[in-house]
Asks: 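Pasting in a structure now, in structure tokens, and then I'll have a few things to ask.
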Amino acid sequence: MPVVVVESPAKAKTINKYLGPDYTVLASYGHVRDLPAKDGSVDPDDGFGMKWEVAAESRKHVKAIVEALKSDDHLILATDPDREGEAISWHLQEALASSLKKKTVSRVTFNAITKQAVTEAMKTPRQVDKPLVEAYLARRALDYLVGFTLSPVLWRKLPGAKSAGRVQSVCLRLIVERELEIEAFRAREYWTVTAVLKTPRGQEFEARLTVLGGKKLDKFDIATAAAAELAVRAVTSRDLKVASVEAKPASRNPYAPFMTSTLQQEASRKFGMGAKQCMSAAQRLYEAGLITYMRTDGIDMAPEAVMAARDEITRRFGPTYVPESPRMYKNKAKNAQEAHECIRPTDMAAAPEKLRFAEKDQANLYDLIWKRTIASQMSAARMERTVVDLSSADGQVVLRANGQVVLFDGFLKVYDEGRDDDGDEEGRLPQIMTGEAVEKQAVTPAQSFTQPPPRYTEATLVKRMEELGIGRPSTYASVLTTIVEREYARKDKNRLIPEDKGRLVTAFLTNYFRRYVEYDFTADLETELDDVSAGDRDYKDVLTRFWRDFSAAIAETADLRIGEVLEKIDDFLAPHLYPLREDGSDPRICQTCGTGRLHLKTSRSGGAFIGCGNYPECRYTRPISGGEDGAAGATGCWARIRMASRSACARAGSGPMSSAARRARQIRSPTARACRRAGHPTV
DNA sequence: CAGTGAGCGAGCTTCCGCTTGACTT
């Protein structure tokens, strides 16, 4: 009777069901062994020798396998079909070595947990893939060496700093650099002119000015209130006729089913769930047998599941909602391992409304997963997009109206991904024909400002990390926790804002360890690991090359004194620390004593602040973020925009206005709403 | 949350990725 080992107990239960009583299926509960979290677990001077240890938590699970092997003589390693899964099989083999004498060991893999996939896999056993394991060894050793060498450097050189790593430091850098972009951003004003028009049959619709003075308008062509007034006059003083009506068919395909990152993004957008909260609700659903595995970067679906989804769609909506052939999805991300299929309901017929859930989060998440999965196998939505141009006789003025009508809803019947932007919600345009004259109800100018990039949310950051190939489905949520725990960044209204400490760490790393916080470092490493797993390169060669450069960078920082480090960071962060003053004076000169040069300093507790160089004669200090009072820092800039936008609304709001025009005003002046959404400081 | 500034050096911290634990009332 063979012993089969998989990674998770819920999976073991399912597979046991498929294989029957002739097999004992057990779970390894993860990696089983790891490098002890202390110095010397990897020795670069001794061929990168690694010291492994069975974690206390894993002992009982290893013991259970040893017990089972006493009566059986065949061990089948069925861990996940990716690099880490192969590593787990190898760890098991090593950890169980003394129990495996005179026993046979084989390795099998399956991508989907279906009866067919599992029984098929059992027919093609192989041995543990050594090159793939070696790619893991390189990955594991490198992460250890980066983390356990760099962190102590930070402790010594940057008071208050706590940790650094291949993933967390790049993730932090993303947050910090986004904040610098926001601070450097200067809003630019522009105006749009919208008219509410009426057809000869009395139906209202909206159109926007696109040509003025015979010239096509660009975004910033109407830059001031005065110019907008002139544009409004140009429109009101002319009669408008329909110059053209163009209708074009368009179609929209459904989204791919969920993987971990997209599930986290949608759970955040639709329910405001954090990454951790989302994963814990998903774990419950998985343990209850309701959904497939929730830590995955695969978006393909088992053929059985595709057929079940098509049946369910036919049953509920009729055959017109089922495309001729099943839709196939594949993750195009470079480092995708696709060890598991997508996140989907295990039973398509188990519709959300038929189930009862212990908690709201689980109900919400299951509903989302079921709908997204079903939609992913439905027909495309078909629409008709209409563009109507209205022109003055002299061709000086053209207004354009856009309309969209859904002809066939297709997958939209079940699932519509909410939009992040307010977007222009386009409706149906009234019947109208070329040559017809329209009547003007209202012509309204609206002031707008270009928007700075928004701060990251957990969800958008996970999306960015995934694009860069940084982190894995099992770590997205915990990386964010680490960054917040270290007080490198904080979460405010779901937005990530860097703390001063986080800025200092990023400044330090980009100065002294640039290569290791570059956005493509992990992607390049993955390419090298691919070579290792293909058997084209020795893993120790990868580590040797890495260590040669990395240890040199470490050595260069050895003699640095804290003062020098701070000076360098002071220069690096200067644009943020010393924003231009409105009176034009040198932002680096202390305004209290009038002569001292301002410097970045750190206190005993590790906090950073700005102090006057004339200390102790001049005792001026201030925090490093927020800038000086009255300086043209980010806060001041935002305050001015808010004021301007408020007066624009007041202006536009004077006089009677149709409901359509009022709607138009809301859409065209998104400043305040967009600011709140992006978590920018409110005044 | 306000206040914060040297250098010495005890003893502490730290990585990424895989997986679920769970004392009490």
Side-chain angles (χ1 to χ4, degrees), chain A residues 5-12 27-39 41-42 55-58 60-61 79-80 82-92 136-156 159-171 279-280 283-284 286-287 293-297 337 339-340 470-479 482 485-486 500 505 516 522 525 561-563 566 596 598-624:
Chain A
V5 182
V6 296
E7 294 179 31
S8 93
K11 194 194 257 188
S28 76
Y29 290 80
H31 267 132
V32 179
R33 302 196 307 174
D34 197 11
L35 300 170
K38 56 185 186 199
D39 277 348
S41 293
V42 176
E57 272 291 290
S58 295
K60 56 176 181 244
H61 305 128
T79 51
D80 293 352
D82 60 5
R83 190 166 67 214
E84 300 296 325
E86 203 68 21
I88 293 174
S89 282
W90 173 76
H91 278 310
L92 282 167
Y136 158 80
L137 294 176
R139 197 280 302 159
R140 185 68 191 89
L142 185 142
D143 281 337
Y144 171 90
L145 289 171
V146 170
F148 277 66
T149 317
L150 215 41
S151 296
V153 171
L154 283 179
W155 303 337
R156 288 195 296 271
K162 292 211 162 53
S163 64
R166 173 177 61 85
V167 172
Q168 64 167 270
S169 296
V170 179
C171 189
M279 292 313 285
S280 116
Q283 174 91 29
R284 292 292 131 69
Y286 169 67
E287 285 164 4
Y293 197 59
M294 62 282 153
R295 290 184 280 266
T296 174
D297 57 12
Q337 308 254 341
H340 305 93
I470 296 162
R472 301 281 312 141
S474 62
T475 60
Y476 292 141
S478 59
V479 171
T482 300
E485 258 173 16
R486 304 271 178 272
D500 294 339
V505 168
Y516 309 96
T522 291
L525 171 66
R561 293 176 22 185
I562 291 181
L566 276 182
L598 298 173
H599 288 289
L600 179 66
K601 291 283 175 190
T602 57
S603 68
R604 279 224 189 86
S605 58
F609 64 96
I610 304 295
C612 177
N614 280 347
Y615 181 85
E617 284 75 37
C618 175
R619 305 189 72 94
Y620 171 81
T621 61
R622 67 167 164 89
I624 75 171

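Residue numbers start from 1 in every chain, and the chains themselves are labelled A, B, ... in the order their sequence lines are given, proteins ahead of strands. Side chains included, hydrogens not; waters and symmetry mates left out as well; all remaining heavy atoms used. Every value quoted in this text rests on a predicted model; they were computed, and no experiment measured them.
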Asks: Do A/Thr475 and A/Val167 have side chains that approach each other closer than 4.5 Å (heavy atoms only, starting at C-beta)?
Replies: no
Asks: Using a heavy-atom cut-off of 4.0 Å across all strands, would you classify A/Arg561 as base, sugar-phosphate, or nothing?
Replies: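 Touches sugar-phosphate only.
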Asks: Roughly how many Å apart are B/dT13 and B/dG9, using the C1' atom of each and rounding to a whole number?
Replies: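 Straight-line distance between the two C1' atoms is 16 Å.
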Asks: Starting at CD1 of A/Ile562 and ending at P of B/dG7, how long is that distance when rounded to a whole Å?
Replies: 7 Å
Asks: Is the closest side-chain heavy-atom distance between A/Val5 and A/Leu92 below 4.5 Å?
Replies: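 They are in contact (side-chain heavy atoms under 4.5 Å apart), so the answer is yes.
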Asks: Any side-chain heavy atom of A/Met279 sitting closer than 4.5 Å to one from A/Arg295?
Replies: yes
Asks: Applying side-chain hydrogen bond (donor to acceptor under 3.5 Å, both in side chains), run through A/Tyr286 and A/Ser8 and close with a yes or a no.
Replies: CA-CA 11 Å; A/Tyr286 169 67; A/Ser8 93; 2.8 Å; yes
Asks: Round to the nearest Å and state the distance from A/His599 atom NE2 to B/dA6 atom C1'.
Replies: 15 Å
Asks: Using whole Å, report how far CZ of A/Phe609 lies from C1' of B/dG5.
Replies: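 To the nearest whole Å, that distance equals 4 Å.
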Asks: Touch check for A/Cys612, heavy atoms < 4.0 angstrom, all strands: base, sugar-phosphate only, or nothing?
Replies: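 Counting heavy atoms under 4.0 Å across all strands, the contact made by A/Cys612 includes a base.
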Asks: Would you call B/dG21 syn or anti, using the 90° rule around 0?
Replies: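 Syn conformation here, the glycosidic angle of B/dG21 being no more than 90° from 0.
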Asks: Can you tell if the side chain of A/Ile470 reaches within under 4.5 Å of the side chain of A/Cys171, non-hydrogen atoms only?
Replies: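 No, every pair of side-chain atoms sits at 4.5 Å or beyond.
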Asks: I'd like a table of donor-acceptor pairs (distance under 3.5 Å, sequence neighbours excluded) in which one partner is a side-chain atom from residues 31-39 of chain A, with atom names and distances.
Replies:
{"from": "A/His31", "atom 1": "NE2", "to": "A/Glu84", "atom 2": "OE1", "distance (Å)": "3.0"}
{"from": "A/Arg33", "atom 1": "NE", "to": "A/His91", "atom 2": "ND1", "distance (Å)": "3.1"}
{"from": "A/Arg33", "atom 1": "NH2", "to": "A/His91", "atom 2": "ND1", "distance (Å)": "3.4"}
{"from": "A/Asp34", "atom 1": "OD1", "to": "A/Arg140", "atom 2": "NE", "distance (Å)": "2.9"}
{"from": "A/Asp34", "atom 1": "OD1", "to": "A/Arg140", "atom 2": "NH2", "distance (Å)": "3.2"}
{"from": "A/Asp34", "atom 1": "OD2", "to": "A/Arg140", "atom 2": "NH2", "distance (Å)": "3.4"}

Asks: Output one letter per nucleotide in nucleotides 12-19 of chain B: B when a protein non-hydrogen atom lies under 4.0 Å from the base, S when only the sugar-phosphate is that close, - when neither is.
Replies: -BBBBBBS
